Amino acid sequence: MKNIPFTEKQIRDFVKDHPTPFYVYDEDGIRHSARKLIDSFSWNSSFKEFFAVKATPNPSILTILKEEGCGADCSSFPELLLAERVGIRGEDIMFTSNDTPAEEFRKASELGAIINLDDLSHLDYLEKEVGLPELISFRYNPGSLTGNVIIGTPKEAKFGITKEQLLEAYRIAKEKGVKRFGLHTMIASNELNPQHFINTAEMIFDIALELKEKIGIKVEFINLGGGFGIPYKPEQEELDLSVVSEGVQKLYEKMDMAPIRLFFESGRYITGPHGYLISRVRHIKNTYKKYIGLDASMADLMRPGMYGAYHHITVLGKEKMPYDVTCDVTGSLCENNDKFAVDRKLPEINTGDIVIIYDVGAHGHSMGFNYNGKLRSSEFLLGSNGKMKIIRRAETINDYFATLNF
Ligand SMILES: *Cc1c(COP(=O)(O)O)cnc(C)c1O
């Protein structure tokens, strides 16, 4: 069983005057996860978590995370603006982008963000278009370590550069007068095995040592990226951050990394488990299979359609009933991938039932799109005070038509 931070009655009352579908985020849960991550690494003086804005790009959420001491990891102009608007500034912003346009580098530079380059060629581009900052980091792609299904194996991933390119990049940056350096890598996503992060740390610590030895630079920080997984399936266990932290600390001490700062750019771990998509059953259809048609669609939550990702689903008030009906849970797009679940066992379900889709707090609403003219849903925050607050209205037809000429 997965827990929900609200009662059945609260949701039943709420849907009376708030149309489904909508997202609800749990403020207490988000604060708790942010604290847990930051506390886990408190042995590293000036450790920093840069929340990956793309996971939940909402100013109310970013403000909560800023209060918890997080910076922002951005990779586009709007994400930089979001960070700026909630008052995250300077080196509390990490700009980890790829295939980046000049105006985004310019904005990052204006904000004094840490610029993390995805290729050696971006160094010249940045110099020509914007000018080089005092601090630069590069994203390393080790090529051979195993990745996972979302990000792919490192060799197949478009991100980062090879070892030879990396050494060359720092050598050239140093020649060009860059004074301060950081180092970045991220090679998996939604990973639940603590050993993965320990192995990654060892690999990147080695690189830092090599940079010192061969190029004569000392990196100020090592950014281990995002990728902490969450248990989407009820039978999965949480990632034990204390195991990650202890393993990384041992290596850090053994390999004499001090005083290098460690950074993460976690998104999913912090907000993922604390978002819920509330939807209603619109139609039930029996053909070769049983289809439960919701009023939410892939436009609201793309992960199942895009990655075959599992999201747990319950029917409000029927949590304790037997899960003996096998069905596909669908949206209304003219696209057969528009399914929240395939061959899922659910309780006996009726039209009008309220369905809760779990763990949508990261890469959920933000990945939504407008295919088929579908409009994205609203977002609510269940505050620490127990009150629901709207933090993004639903899109309207006018939003959809705003970009069109007739
Ligand atoms: C998406 C992304 C993250 C966040 O990943 P999570 O799976 O949410 O932890 C961090 N850094 C970069 C560069 C990313 O692209």
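No experiment lies behind these values; they were computed from the predicted model shown. Heavy atoms only: backbone and side chains are in, while hydrogens, waters and symmetry mates are out. One-based numbering, in listed order, for ligands and for the atoms of each.
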Colleague: Mind listing the side-chain donor-acceptor pairs of residues 376-384 below 3.5 Å, one per line with the distance, residues two or more places apart or on another chain?
Modeller:
{"unit_1": "Arg376", "atom_1": "NE", "unit_2": "Glu395", "atom_2": "OE1", "d": "3.4"}
{"unit_1": "Arg376", "atom_1": "NE", "unit_2": "Glu395", "atom_2": "OE2", "d": "2.9"}
{"unit_1": "Arg376", "atom_1": "NH1", "unit_2": "Gly368", "atom_2": "O", "d": "3.0"}
{"unit_1": "Arg376", "atom_1": "NH2", "unit_2": "Asn370", "atom_2": "OD1", "d": "2.9"}
{"unit_1": "Arg376", "atom_1": "NH2", "unit_2": "Glu395", "atom_2": "OE2", "d": "2.8"}
{"unit_1": "Ser377", "atom_1": "OG", "unit_2": "Asp300", "atom_2": "OD1", "d": "3.4"}
{"unit_1": "Glu379", "atom_1": "OE1", "unit_2": "Asn58", "atom_2": "ND2", "d": "2.9"}
{"unit_1": "Glu379", "atom_1": "OE1", "unit_2": "Arg392", "atom_2": "NE", "d": "2.6"}
{"unit_1": "Glu379", "atom_1": "OE1", "unit_2": "Arg392", "atom_2": "NH2", "d": "3.4"}
{"unit_1": "Glu379", "atom_1": "OE2", "unit_2": "Tyr25", "atom_2": "OH", "d": "2.4"}
{"unit_1": "Ser384", "atom_1": "OG", "unit_2": "Glu27", "atom_2": "OE2", "d": "3.4"}
{"unit_1": "Ser384", "atom_1": "OG", "unit_2": "Asp28", "atom_2": "OD1", "d": "2.6"}

Colleague: Answer yes or no: are there more than 12 heavy-atom neighbours, outside Lys179 itself, under 6.0 Å from its atom NZ?
Modeller: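 No.
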
Colleague: Which protein residues come within less than 4.0 angstrom of ligand 1, counting heavy atoms only?
Modeller: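 Near ligand 1, by chain and number: Ala52, Lys54, Asp73, Thr96, Arg139, Met186, Ser189, Gly226, Gly227, Glu265, Ser266, Gly267, Arg268, His363.
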
Colleague: Would Thr100 and His122 count as a side-chain hydrogen bond (donor to acceptor under 3.5 Å, both in side chains) if you check the C-alpha gap in whole Å, the side-chain angles of each, and the deciding distance to 0.1 Å?
Modeller: CA-CA 8 Å; Thr100 315; His122 298 183; 4.8 Å; no

Colleague: Would you check if the distance from the ring center of Phe228 to the ring center of Phe264 is below 6.0 Å?
Modeller: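 So the answer is yes for these two rings.
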
Colleague: Can you pull the salt bridge (charged side-chain N to carboxylate O under 4.0 Å, His left out) pairs that have at least one residue in residues 89-113, sequence neighbours excluded?
Modeller: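 Listed by first then second residue: Lys48-Asp92, Glu84-Lys107, Glu91-Arg180, Arg106-Glu129.
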
Colleague: If a pair satisfies salt bridge (charged side-chain N to carboxylate O under 4.0 Å, His left out) and one of its residues is in residues 234-258, list it, with sequence neighbours excluded.
Modeller: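 Salt bridge (charged side-chain N to carboxylate O under 4.0 Å, His left out) check on residues 234-258 returns Lys36-Glu238.
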
